[in-house]
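What follows is one structure encoded as structure tokens, with my remarks underneath.
These numbers come from the heavy atoms of this one structure, side chains and all, not from hydrogens, waters or symmetry mates. Along the sequence shown, residues are numbered consecutively beginning with 1.
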Amino acid sequence: MKRKILLCMAILGISFTVASADTDKPAASVNLKSNSVIEAYIDANVHCNAALLNQVMGNEAVLKITRQGKIVEQNKRDLVDFYKKRGDITLNCTSNFEILSTSDCVVMVRVDFKYPLFTQENYVTVVKDQNGIWKISQIHRFNG
């Protein structure tokens with residue numbers, strides 16, 4: 001009888017562990033193409049998806065914003081933490097992107113988020129590492 005109870009508890013424990021696994025973690029395949037990284041960046045911004053943003057940004061990535069004549073910098077950790085605090089919301093904007101320049105290992109992209117009263121321009125640099133993984137290395141943001 002003790003074996004049956006122990007077996008049932010083990011099965012329940014495994015089931016609970018599998019059910020509570022992080023299903024929000026994006027697939028690593030998003031980093032295999034530069035366009036996929038840009039599309040994921042847009043999705044992460046529109047839906048405040050911290051896990052997806054974490055996936056597409058390089059560890060040393062930086063966001064630079066011009067505010068009142070000064071450049072404010074935020075690193076990846078700060079951005080991901082900010083998105084986690086915001087939670088799962090959808091912003092009231094539309095988006096599009098244009099590839100400005102491309103090479104074998106660097107892509108420069110302009111991503112626009114159009115809100116009802118203004119447009120936010122993001123100049124995004126996506127780089128490929130020695131393992132063929134694409135990640136965002138830098139973002140310059142302008143609010144117009």
Side-chain angles (χ1 to χ4, degrees), residues 5-144:
I5 292 174
L6 188 58
L7 181 62
C8 286
M9 289 180 68
I11 291 172
L12 285 173
I14 292 170
S15 299
F16 179 74
T17 302
V18 170
S20 65
D22 187 8
T23 57
D24 293 335
K25 187 172 183 181
S29 63
V30 75
N31 297 92
L32 296 179
K33 295 182 180 179
S34 59
N35 275 4
S36 299
V37 169
I38 293 300
E39 290 167 0
Y41 169 73
I42 291 170
D43 187 49
N45 276 280
V46 171
H47 301 290
C48 297
N49 186 331
L52 188 56
L53 187 67
N54 187 52
Q55 178 71 30
V56 298
M57 291 188 74
N59 290 332
E60 304 300 319
V62 64
L63 166 67
K64 296 182 180 185
I65 307 167
T66 304
R67 278 197 197 134
Q68 300 172 346
K70 296 181 181 178
I71 295 175
V72 177
E73 290 188 15
Q74 294 181 317
N75 61 32
K76 174 185 175 177
R77 186 185 68 234
D78 294 337
L79 288 171
V80 171
D81 288 346
F82 176 73
Y83 278 42
K84 284 179 183 177
K85 289 177 187 172
R86 286 183 100 177
D88 185 24
I89 61 171
T90 300
L91 301 179
N92 182 23
C93 67
T94 59
S95 61
N96 61 5
F97 72 93
E98 174 187 5
I99 297 175
L100 302 175
S101 187
T102 185
S103 74
D104 291 343
C105 57
V106 178
V107 177
M108 185 72 178
V109 182
R110 176 180 167 175
V111 178
D112 290 338
F113 296 101
K114 294 181 183 184
Y115 294 89
L117 300 177
F118 70 98
T119 298
Q120 181 188 85
E121 297 174 8
N122 293 259
Y123 291 88
V124 181
T125 305
V126 184
V127 296
K128 182 169 64 171
D129 68 13
Q130 64 273 14
N131 297 320
I133 303 299
W134 289 91
K135 292 213 177 188
I136 294 171
S137 67
Q138 203 171 118
I139 305 163
H140 291 270
R141 181 172 289 165
F142 301 89
N143 294 314

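- Applying the salt bridge (charged side-chain N to carboxylate O under 4.0 Å, His left out) test to E60 and every residue at least two apart in sequence or in another chain returns nothing.
- A pairwise comparison of heavy atoms in I136 and A61 identifies O-CB, 3.4 Å as the closest pair.
- For F82, there are no ring-ring contact (aromatic ring centres under 6.0 Å, His included) partners two or more places apart in sequence or in a different chain.
- The distance from atom CG of L53 to atom NE2 of H47, rounded to the nearest 0.5 Å, is 13.5 Å.
- L91 places a side-chain heavy atom less than 4.5 Å from the side chain of R86.
- With respect to V107, the side-chain contact (heavy atoms from CB on, under 4.5 Å) criterion is satisfied by exactly one of V124, L100, T102: T102.
- Contact detail for K76 and G58: the closest heavy-atom pair is CD-O, 3.2 Å.
- Under the rule for a side chain to side chain donor-acceptor pair (under 3.5 Å), S103 has no partner lying at least two apart in sequence or in another chain.
- Note that the CG atom of N49 and the CD atom of Q55 stand 10.5 Å from one another [nearest 0.5 Å].
- Applying the salt bridge (charged side-chain N to carboxylate O under 4.0 Å, His left out) test to R77 and every residue at least two apart in sequence or in another chain returns nothing.
- At most 12 heavy atoms of other shown residues, nucleotides or ligands fall within 6.0 angstrom of atom CG in D104.
- Of the possible donor and acceptor atoms, one in the side chain of N45 sits under 3.5 Å from a partner among the backbone N and O of Y41.
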task = Show the numbers, then the answer: is there a side-chain contact (heavy atoms from CB on, under 4.5 Å) between E39 and D43?
result = CA-CA 6 Å; E39 290 167 0; D43 187 49; over 6 Å; no
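- In this structure, the side-chain contact (heavy atoms from CB on, under 4.5 Å) partners of N96, at least two apart in sequence or on a different chain, are D112, K114.
- The shortest heavy-atom contact between V30 and A40 is CG2-CB, 3.5 Å.
- The list of ring pair (Phe, Tyr, Trp, His ring centres under 6.0 Å) pairs with a residue in residues 89-129, not counting sequence neighbours, reads Y115-F118, Y123-F142.
- With values rounded to the nearest 0.5 angstrom, K64 atom NZ is found 6.5 Å from I71 atom CD1.
- Between K135 and D129, the closest side-chain pair of non-hydrogen atoms is not below 4.5 Å.
- In this structure, SG in C48 is found 13.5 Å from NZ in K85, a value given to the nearest 0.5 Å.
- The only member of N92, T94, T90 that meets side-chain contact (heavy atoms from CB on, under 4.5 Å) when paired with V46 is T90.
- Screening H140, E121, E98 for a side-chain hydrogen bond (donor to acceptor under 3.5 Å, both in side chains) involving R110 leaves a single residue, E121.
- Among V62, T125, V111, N122, the single residue meeting the side-chain contact (heavy atoms from CB on, under 4.5 Å) criterion with I139 is N122.
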request  = Tell me, with the steps shown, if I42 and I38 meet side-chain contact (heavy atoms from CB on, under 4.5 Å).
outcome  = CA-CA 6 Å; I42 291 170; I38 293 300; 4.2 Å; yes
inquiry  = One pair to check against side-chain contact (heavy atoms from CB on, under 4.5 Å): L63 and D78. What are the steps and the verdict?
reply    = CA-CA 10 Å; L63 166 67; D78 294 337; over 6 Å; no
